[in-house]
There are 2 protein chains.
Amino acid sequence: MTGESPKEQRADARRNRERILAVARGVVHEQGTEASLRDIARRAEVGLGTLYRHFPTREALLEALLRQGFDRLAGRAEALGESGEPYEALVEFLRELIGGAGAYRGLAGSMMATISDEQSPLHASCMAMRSAAGRLLERAQAEGRIREDIDGTDLFALANALSWITDQAPSLGSRRDHLFGLVMDGLTRDPE
Amino acid sequence: MTGESPKEQRADARRNRERILAVARGVVHEQGTEASLRDIARRAEVGLGTLYRHFPTREALLEALLRQGFDRLAGRAEALGESGEPYEALVEFLRELIGGAGAYRGLAGSMMATISDEQSPLHASCMAMRSAAGRLLERAQAEGRIREDIDGTDLFALANALSWITDQAPSLGSRRDHLFGLVMDGLTRDPE
DNA sequence: ACCTGAACACCGTTCAAGT
DNA sequence: ACCTGAACACCGTTCAAGT
């Protein structure tokens, strides 16, 4: 076999990749998901082409930036799946998902747009998230606390929509928990 | 007094303004609220500076584009306010508001962003809309069909958030009515 | 193998020069 | 009074040239 070993990168390449990610985290935090890639390359003191070599699309960069948070959320879903209180577990997960989607301005939009786009590097992460939510949802439905006519995609969309509200109008941030409560009440089984 | 009469415009000015609006309607329909202003000027066969003279900001152009629809919605709210069925009137108005906010891609976002920005030309229209919704809301609350812990801004935010969902992920369009129903159920008075 | 920056085709916005 | 387009300062993306 040839001596190729994909995990071996040249030292400068590896260093550049990490510089870019570190800088990008800060810039995206300041400017949101539409931050200037040129600006990121500049602040990372790296050629513009270098940024493109490591992250061929903006979404690829975002994906690298967000993967850690996604993994953490997936882990939380796993843990909450063990809980003896399915409804409370679902509520807690959604609360954390909404908080996470509010981490960067524009993130909720990226998440939603990715639903339709299977090519997006973020697609896998979103799928994982929706499946995780779906499992918690089914448990809560089996328990009878949540209506049957809802699926994981509905839930994911509503959670992102709530994040989006404070994304667009930060002045409504104080209402976020309240609006979340309203939506959750809509999801509970109607009294028959 | 001086002979100034602001309603008199030079014929070419008036014609240009209308050309721009007509073209902008089409382009914004195609490309959403972030459409290229240059492109609009080009297609209207008008100098770029002319567009800026008539509409100093993108929001000013949007406002002119949307005013008609806003007025129509305000009229609907007025008419529905006469209805003998406050709850049904509110639901119908929200349904039309959500449909209207889905007219152009990005419109829901403009509406939400305008809540915090009093300088925006769209601010007056949004205020009018929220007041209209607020009056219908209060009637439905007085009737006891809607919870008391909601105000017009909450309602406006939720309606825009629902529009935004299909804005971002058109594939979820078929779920829109369903999600609207869920949210409405959350707004109804909980059984005590 | 990787980095670099010039080059290209776009933007939004302003403003001196024209009629 | 109004129109025009060049000028400026930005973008994202690609790619020939370097090491």
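Chain identifiers are assigned alphabetically (A, B, ...) following the order of the sequence lines, protein sequences preceding nucleic acid strands; residue numbering begins at 1 within each chain.
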Revision key, fill the gap. Comparing nearest nucleotides in DNA chain D, the 5'-proximal residue of the pair R38(A), R10(A) is R38(A)

**Study point:** Protein-nucleotide distance (R19(B), atom CZ; dC2(D), atom P), rounded to Å
**Key:** 18 Å

**Study point:** Side-chain N,O (N16(A)) to OP1/OP2 (dC3(C)) below 4.0 Å
**Key:** yes

Check your understanding: What does R42(A) touch in the nucleic acid at a heavy-atom separation under 4.0 angstrom: a base, only the sugar-phosphate, or nothing?
Key -> sugar-phosphate

Practice item. Name all residues meeting the side-chain hydrogen bond (donor to acceptor under 3.5 Å, both in side chains) criterion together with T50(B); count only those two or more places apart in sequence or in a different chain, and write none if there are none. Key: none

Check your understanding: Using purine N1 to pyrimidine N3 plus N6-O4 or O6-N4 for Watson-Crick, or N1-O2 and O6-N3 for G-U wobble, both under 3.5 Å, which nucleotide pairs with dC11(D)?
Key -> none

Check your understanding: What integer distance in Å separates D39(A):CG from dA9(D):P?
Key -> 17 Å

Study note, to complete from the structure: When rounded to whole Å, the CD1 to C1' distance for the pair I20(A) and dC2(C) reads 12 Å

Review point. Does the T188(A) side chain pair with the main chain of I146(A), one donor and one acceptor, at a distance under 3.5 Å?
Key: no

Point to revise | Complement of dC3(D), any strand, by Watson-Crick or G-U distances under 3.5 angstrom | key: none

Review point. Within this structure, what is the CZ-to-C1' distance between F55(B) and dG12(C), rounded to whole angstrom?
Key: 17 Å

Study note, to complete from the structure: Between W164(A) and G109(B) the two heavy atoms that sit nearest each other are CZ2-CA, 3.6 Å

**Study point:** Side chain R58(A) and base dG12(D) donor-acceptor under 3.5 Å
**Key:** no

Practice item. Please determine, for the side chain of Y52(A), which listed nucleotide (dC3(C), dT14(D), dC3(D)) has the closest atom? Key: dT14(D)

Practice item. For T57(A) and for R53(B), find the nucleotide of DNA chain D with the closest heavy atom, then tell me which residue's nucleotide is more 5'. Key: R53(B)

Point to revise | Side-chain ion pair, E18(A) and R14(A), N-O less than 4.0 Å | key: yes

Review point. Across the strands shown, which category fits S36(A) at heavy-atom distances under 4.0 angstrom: base, sugar-phosphate, nothing?
Key: sugar-phosphate

**Study point:** Heavy-atom neighbours of Q119(B) CD exceed 12 at 6.0 Å
**Key:** no

Study note, to complete from the structure: Winner on side-chain proximity to H54(B), out of dC3(D), dC2(C), dC2(D), is dC3(D)

Check your understanding: Heavy atoms under 4.0 Å, any strand shown: does A41(A) hit a base, just sugar-phosphate, or nothing?
Key -> nothing

Study note, to complete from the structure: Picking from dC3(C), dG5(D), dC2(D), the nucleotide nearest the side-chain atoms of A13(A) would be dC3(C)

Review point. What is the nucleic acid contact for A11(A), judged by heavy atoms within less than 4.0 Å: base, sugar-phosphate only, or nothing?
Key: nothing

Check your understanding: How is L48(A) classified with respect to the nucleic acid when contacts are heavy atoms under 4.0 Å: base, sugar-phosphate, or nothing?
Key -> base

Point to revise | Any strand: nucleotide that pairs with dA17(C) via Watson-Crick or wobble, under 3.5 Å | key: none

Exercise for review: Grab the CD-C1' distance between E45(B) and dC3(D) for me, whole Å please.
Suggested key: 15 Å

**Study point:** L37(A) CG to dT14(D) C1', straight-line distance once rounded to whole Å
**Key:** 14 Å

Review point. R17(B) has an atom CZ; how far is it from atom P of dC3(D), in whole Å?
Key: 11 Å

Point to revise | Side-chain ion pair, D185(A) and R147(B), N-O less than 4.0 Å | key: yes

**Study point:** Atom-pair distance (CD on Q31(A); C1' on dC10(D)), nearest Å
**Key:** 13 Å

